[in-house]
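Here the structure comes first, spelled out in structure tokens, and everything after it is commentary.
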2 protein chains.
Amino acid sequence: MPEKILLVDDESKITRTLQLYLEQAGYKTASISDGALALPAFRHEQPDLVILDILLPHMDGWEICRQIRRESIVPIIMLTAQGEETDRIVGLELGADDYIAKPFSPREVVARVRAVFRRTQGQALQPRALQVGDIALDIEKHTAVANGMPVDLTPIEFELLVTLLQHPGQVFTRLQLLENTQDAAYDGYERAIDQHIKNLRAKLGDDARNPRYILTVYGIGYKFAP
Amino acid sequence: MPEKILLVDDESKITRTLQLYLEQAGYKTASISDGALALPAFRHEQPDLVILDILLPHMDGWEICRQIRRESIVPIIMLTAQGEETDRIVGLELGADDYIAKPFSPREVVARVRAVFRRTQGQALQPRALQVGDIALDIEKHTAVANGMPVDLTPIEFELLVTLLQHPGQVFTRLQLLENTQDAAYDGYERAIDQHIKNLRAKLGDDARNPRYILTVYGIGYKFAP
DNA sequence: TGGAATTTTCACAAGCTCCTGATGACTTTC
DNA sequence: GAAAGTCATCAGGAGCTTGTGAAAATTCCA
């Protein structure tokens, strides 16, 4: 069954374009242009994801976000005007899942929607234990064991290892790892990943020159030994 | 099946040059010079990508972009006059996929076209594994196997082999291979490819005098044994 | 609010990859 | 068969990528 997405935006040009793209991508969509009607529409449609513009007639996106959050943990993506850094911060507090600054390309929106679904459904279906070779993770308990010895990992190190272990052998670019680790699309310094890889290797007892677990793929990124 | 590209531009010098390059790169092309005819032409040709000039007789590129977007999510590349930053923003809202500022080199256009196709369909359609004869590649894992033996390839060698294996028997010029390998238009020494072919042959156990895998096509370039 | 833990950035060295230009061998053309 | 064009190969340096330590920035927690 395809996921249903509720669009709340008063610019019909934008909603029409987004609906076109999202439906092409296999999602069902519904749209509403009036902020005051967003909550009733949400209750009626029971969408799996909401895309909210901030500037709306009658009620702004923040208020809608707050109200939806009172009764649901449905993923919410906000559309913000560019350069409003405060938006991001306010939104995070209100429980939005991602932000897209205008102007955006419809394809980017589809990509973010996919990413949010991956994240939010992944959790439900994700097995609580992950084991590959000598490494075992318990996702619920947030514990790691290497060679029978418990290992203490920071949150990012843990996320990183989860990503790598979920697809052993598959190469991830630094950017992919960053995006999987950080919540939203992230545009910082890619090589921050190198530091976490270094720390992970140290904690797992891996040697960068001759690694058993986390392999470097020159010119691409990293992968977990298959 | 080769992708079809619709060119909308009233300067026949430009369309002719671009058609030459795009067809050389393996795409089918169609062109139309009158903006008012662009939409009918689009419906008739059903192209996989549209390249739109902004300055056109009878109807400008923005309007055409808008109209096409009402009925299709086909990728669109806009040709813009230089330095019009606002163009970029307007265009993003209208759903264009890329911008190329004039003056541009035909090779740059080909590179962008490839990039757009990679982005829009690459993820979904690209098969994970590629196998021809004794050679097998796994793109996700970035691994290669020749005759059952794993082979260690550098990034460019890997890309090169992917390109050749995706179209066994098809001859590629050195320039085509370079452009497939490097992201953007590349203006270096074509013979650099020879080095990579040599290294690839060595790693695959191929003999240049009597190659089984990578064949030299005298005066043209290289192809993978069909 | 402080202080510790974590994360990110920066800079540099080491290593690997890639490009270049030259040379000789081969192929085509006349 | 000679000339011209094309290809295979080599070696060295340019350029890029990675590993790593140290420091700055940020987050977390009491």
Side-chain angles (χ1 to χ4, degrees), chain A residues 85 88-89 92-93 142 144 151-161 163-164 171-223, chain B residues 142 144 151-161 163 171-223:
Chain A
E85 184 53 30
R88 215 182 151 70
I89 294 167
L92 276 172
E93 284 170 359
H142 209 265
V151 179
D152 214 21
L153 299 180
T154 70
I156 287 193
E157 287 163 11
F158 192 81
E159 273 304 311
L160 211 47
L161 197 50
T163 302
L164 291 171
V171 185
F172 294 89
T173 65
R174 288 174 176 74
L175 209 55
Q176 288 175 316
L177 292 172
L178 270 175
E179 286 175 356
N180 259 324
T181 303
Q182 317 299 328
D183 263 332
Y186 177 80
D187 64 342
Y189 185 49
E190 281 191 7
R191 299 209 42 208
I193 287 294
D194 290 31
Q195 287 302 320
H196 299 301
I197 295 289
K198 177 173 76 106
N199 297 335
L200 258 179
R201 279 173 168 162
K203 291 182 178 179
L204 298 178
D206 221 0
D207 174 18
R209 301 303 164 97
N210 187 25
R212 277 185 307 161
Y213 303 124
I214 301 177
L215 311 185
T216 304
V217 182
Y218 190 97
I220 313 279
Y222 297 97
K223 68 178 177 183
Chain B
H142 206 264
V151 179
D152 218 21
L153 300 179
T154 69
I156 287 193
E157 287 164 11
F158 193 83
E159 275 302 312
L160 211 48
L161 198 50
T163 302
V171 186
F172 293 89
T173 66
R174 288 175 175 74
L175 210 55
Q176 287 175 318
L177 293 172
L178 271 173
E179 285 175 353
N180 256 326
T181 302
Q182 319 294 330
D183 255 334
Y186 177 80
D187 62 343
Y189 184 49
E190 279 191 9
R191 293 316 197 92
I193 286 293
D194 291 28
Q195 276 307 314
H196 300 300
I197 295 290
K198 175 179 79 89
N199 296 335
L200 258 179
R201 281 173 168 163
K203 291 183 178 179
L204 299 179
D206 220 1
D207 175 19
R209 306 300 167 92
N210 186 25
R212 277 186 306 161
Y213 304 124
I214 301 178
L215 311 184
T216 305
V217 182
Y218 191 93
I220 313 280
Y222 298 97
K223 68 177 177 182

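Both backbone and side-chain heavy atoms feed into the values below; hydrogens, waters and symmetry mates do not.
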- Check whether any side-chain heavy atom of B/Leu160 sits under 4.5 Å from a side-chain heavy atom of B/Ile197, and report yes or no. yes

- Task: Kindly say if A/Arg174 contacts the phosphate of D/dT18, meaning a side-chain N or O under 4.0 Å from OP1 or OP2.
- Result: yes

- Would you say D/dA4 has OP1 or OP2 under 4.0 Å from some side-chain N or O of B/Tyr218? no

- Message: How many whole angstroms separate atom CD1 of B/Ile197 from atom C1' of C/dC18?
- Response: 14 Å

- Item | Distance below 4.0 Å between A/Arg201 side-chain N/O and D/dG19 OP1 or OP2 | yes

- Send over the distance from A/Leu160 CG to C/dT7 P, rounded to a whole Å. 10 Å

- Message: Output the rounded distance in Å from CD (A/Glu190) to P (D/dC16).
- Response: 16 Å

- Message: If I take atom CG in residue B/Leu200 and atom P in nucleotide D/dA8, what distance separates them, rounded to the nearest angstrom?
- Response: 13 Å

- Item | Rounded interatomic separation in angstrom, taking CG from A/Asn199 and C1' from D/dG19 | 12 Å

- Message: Using the side-chain heavy atoms of A/Tyr222, tell me which of these nucleotides is nearest: D/dA8, C/dT9, D/dT18.
- Response: D/dT18

- Message: Does D/dG21 have OP1 or OP2 under 4.0 Å away from a side-chain N or O of A/Lys198?
- Response: yes

- Query: A/Ile156 CD1 to C/dA5 C1': how many Å, rounded?
  - Reply: 12 Å

- Query: Hey, does the side chain of A/Thr154 come within less than 4.0 Å of C/dA5's phosphate (OP1/OP2), counting only N and O?
  - Reply: no

- Message: Between B/Thr216 and D/dT6, is there a contact of a side-chain N or O with OP1 or OP2 at under 4.0 Å?
- Response: no

- Query: Is A/Arg191 touching bases, backbone alone, or none of the nucleic acid, heavy atoms closer than 4.0 Å?
  - Reply: base

- Taking side chain as C-beta onward, heavy atoms only, is B/Ile193 less than 4.5 Å from B/Tyr222? yes

- Query: Out of D/dA11, C/dC18, C/dT8, which nucleotide sits closest to the side chain of B/Pro155?
  - Reply: C/dC18

- A/Lys203 or A/Ile193: which one's nearest nucleotide on DNA chain C is closer to the 5' end? A/Lys203

- Which whole-number value in Å describes the distance from A/Glu159 CD to C/dT6 P? 16 Å

- Keeping to residues at least two apart or across chains, list the salt bridge (charged side-chain N to carboxylate O under 4.0 Å, His left out) pairs with something in residues 204-220 of chain B. B/Asp134-B/Arg212

- Does the side chain of A/Glu157 come within less than 4.5 Å of A/Asp152's, by heavy atoms? no

- Message: Keeping B/Arg201 on the side-chain end and B/Ile214 on the backbone end, is there a donor-acceptor pair under 3.5 Å?
- Response: yes

- Starting at CG of B/Asp194 and ending at P of C/dC19, how long is that distance when rounded to a whole Å? 12 Å

- Can you find a donor-acceptor N/O pair under 3.5 angstrom joining the side chain of A/Gln195 to the base of D/dG21? yes

- Side-chain N or O of A/His196 less than 4.0 angstrom from OP1 or OP2 on C/dT6? no

